[in-house]
Each structure stands twice: as C-alpha cells, then as structure tokens.
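Take a look at the structure below.
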Protein chains: 2
Amino acid sequence: MEFKELDPLLHSQLRLAVVSLLISVKEAEFTFIKEKTNATAGNLSVQINKLKEAGYVEITKQFKDNYPQTLCKITAKGIEAFEQYVKALQSYLK
Amino acid sequence: MEFKELDPLLHSQLRLAVVSLLISVKEAEFTFIKEKTNATAGNLSVQINKLKEAGYVEITKQFKDNYPQTLCKITAKGIEAFEQYVKALQSYLK
DNA sequence: TAGATTAGTTTATTTTATAAACCAAATTAT
DNA sequence: ATAATTTGGTTTATAAAATAAACTAATCTA
C-alpha cells in the first residue's frame, strides 16, 4: 500500500491539536485547551464531542469556584489512534 | 506558538498523497496518480485542479496514442509548501 | 439591578470531500 | 457498419465536515 489511510477523526487540525495536547498533559480544562489551540469555544465544543463519541477522550463536567468546568482526558484508545495516525502519516512524508 | 497552522490545501489526504507522489516522481500521468492513490477520477480531477489553482502543480494536457493524457508536475512553490507543511506537522507530533 | 464576564452549547452557514452523471473519442464485438 | 464498451477524463449534485454566529445560564461587578 503506497499511502495509508489517515483516520479522518484525527486528520483535522483542531482535533489533532487537542489529542496531541492531551497526550502530553493527560488531563486539561476546556478553557486551557481553547487557549493552547486558539480555537473558538463553539468549534472546540463540537470537536471535543466528536473525540468523545469516538472514545478517544473522556469528558468530565463539574463545577469549580461556582463555574462549570469541563475536563478532558485522553483514553487508551485515543493514544492508540494517535500512534496509528502518526505511523500512517509517515507514508506521505518520504 | 504551540501548534502551527497546517496549510489547508495540503491537509487533505488525497491532495497530500498527490503532492507527496509528485515530489518523488517529478511528473506523472493522471491515471498513474489515480492508481497510486486509489482515488476516483472525479475526486482526483477536482483536487488536482485545486493544486493547480494554488500553483502547487502544473498541468499539461496532450494526446498520447490517440487518447487524452493529463500530465502533472510539481512546482517549486509546491515543494516549498510541502516542506512547510511537514515542518508545521512536527508541532503536533511530539 | 443593569451590564459585562465566564463557560460553555446549539444552530446556521460555509467549505470540503465525494459520488454520480455526463462527455467525447477510441476500440472491440456482432 | 454499427452497437456496445472502454479510456480518460470533467461537471454537477449530494453528503459530510469545519467554522462562525447566536444563544443559554449562571456569576460577578459597578
């Protein structure tokens, strides 16, 4: 196979950034991710939900200092998918 | 900057494959690219045209053995864009 | 208590990707 | 000779994705 399939869920700038970030920090708040990725809240909300649907991240909603807080954590499946994606990418980069 | 911008023109599985391929072979026929990338003719036609609009590839149409032949060639701008894209990608992969 | 801020979600719009339909010429089969 | 099929595509229509804009709900601040 010349070019490997690129998981469409990860082949999105924002979702890739989110997963990449979560792999390095394990857990992060919505607002932190938003800042680091320069995403708009709406876009981030949508994309994080897709990652959740896919089982790539886990989302916990709670309150912190009276404000709602959305926490995101990468799952084993998410790490696996990311590694696979990077491997597939290699076939395009040589 | 945490995550660098990914040129949307290259951040597409098919267009990335086309550019990657053209960088390695310099020039290729439409049908050859189609086979190597497993793309449908319609999709390939559209995507190659976008790369042309962007000045990333050059397209030559001629006849060969009585049949129309579409030749694609990478441009300096295309190579430059690819290298930049790969560099930007690194910011997501570590 | 009116206005602004935080932390999001939902809906609408735009952009992309993909599939389906089409075209013209050439070839093959009848 | 002509009907059907194949080659090499393009164009148009549809589906999916990304993004922006609008909205919600609670809190804080002047």
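Reminder, nothing fancy here: chain letters follow the sequence lines and each chain counts from 1. Only a predicted model underlies this, so the values are computations on that prediction, with no experimental measurement involved.
Scored by the side chain to side chain contact (heavy atoms under 4.5 Å, CB included) test, B:Lys61 finds B:Ile59, B:Thr70 as partners (sequence neighbours excluded). Annotation: side-chain hydrogen bond (donor to acceptor under 3.5 Å, both in side chains) contacts of B:Gln62 (sequence neighbours excluded): B:Gln69. Partners of A:Tyr92 under the ring-ring contact (aromatic ring centres under 6.0 Å, His included) rule, at least two apart in sequence or in another chain, are A:Phe3. In terms of the salt bridge (charged side-chain N to carboxylate O under 4.0 Å, His left out) criterion, residue partners of A:Lys36 (sequence neighbours excluded) are, by chain and number, B:Glu2. For B:Thr31, the side chain to side chain contact (heavy atoms under 4.5 Å, CB included) partners at least two apart in sequence or on another chain are B:Glu29. In this view, B:Ala88 and B:Lys4, B:Leu6 satisfy the side chain to side chain contact (heavy atoms under 4.5 Å, CB included) rule, not counting sequence neighbours.
Applying the salt bridge (charged side-chain N to carboxylate O under 4.0 Å, His left out) rule to pairs touching residues 80-94 of chain A yields nothing, sequence neighbours excluded.
The stretch residues 49-64 of chain B touches DNA chain D through B:Lys61, each having a heavy atom within less than 4.0 Å of the strand. Less than 4.0 Å separates DNA chain D from at least one heavy atom of each of the following residues of residues 67-75 of chain A: A:Tyr67. Contacts with DNA chain C (heavy atom under 4.0 Å) in residues 6-16 of chain B: B:Ser12, B:Arg15, listed by number.
For DNA chain C, the contact window with chain B, defined by any atom under 4.0 Å from a protein heavy atom, covers C:dT16 to C:dT27 in 5' to 3' order.
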Which pairs of donor and acceptor atoms, one on a side chain in residues 44-56 of chain B, lie under 3.5 Å apart (sequence neighbours left out)?
residue, atom, partner, partner atom, Å
B:Gln47, OE1, B:Arg15, NH1, 2.5
B:Gln47, NE2, B:Asn43, OD1, 3.0
B:Tyr56, OH, B:Asp7, OD2, 2.7

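Relative to the side chain of A:Gln47, the nucleotides D:dT11, D:dA18, D:dT27 differ in distance, and D:dA18 lies closest.
Contact annotation: B:Asn66 does not reach the phosphate of D:dT7 (side-chain N/O to OP1 or OP2, under 4.0 Å).
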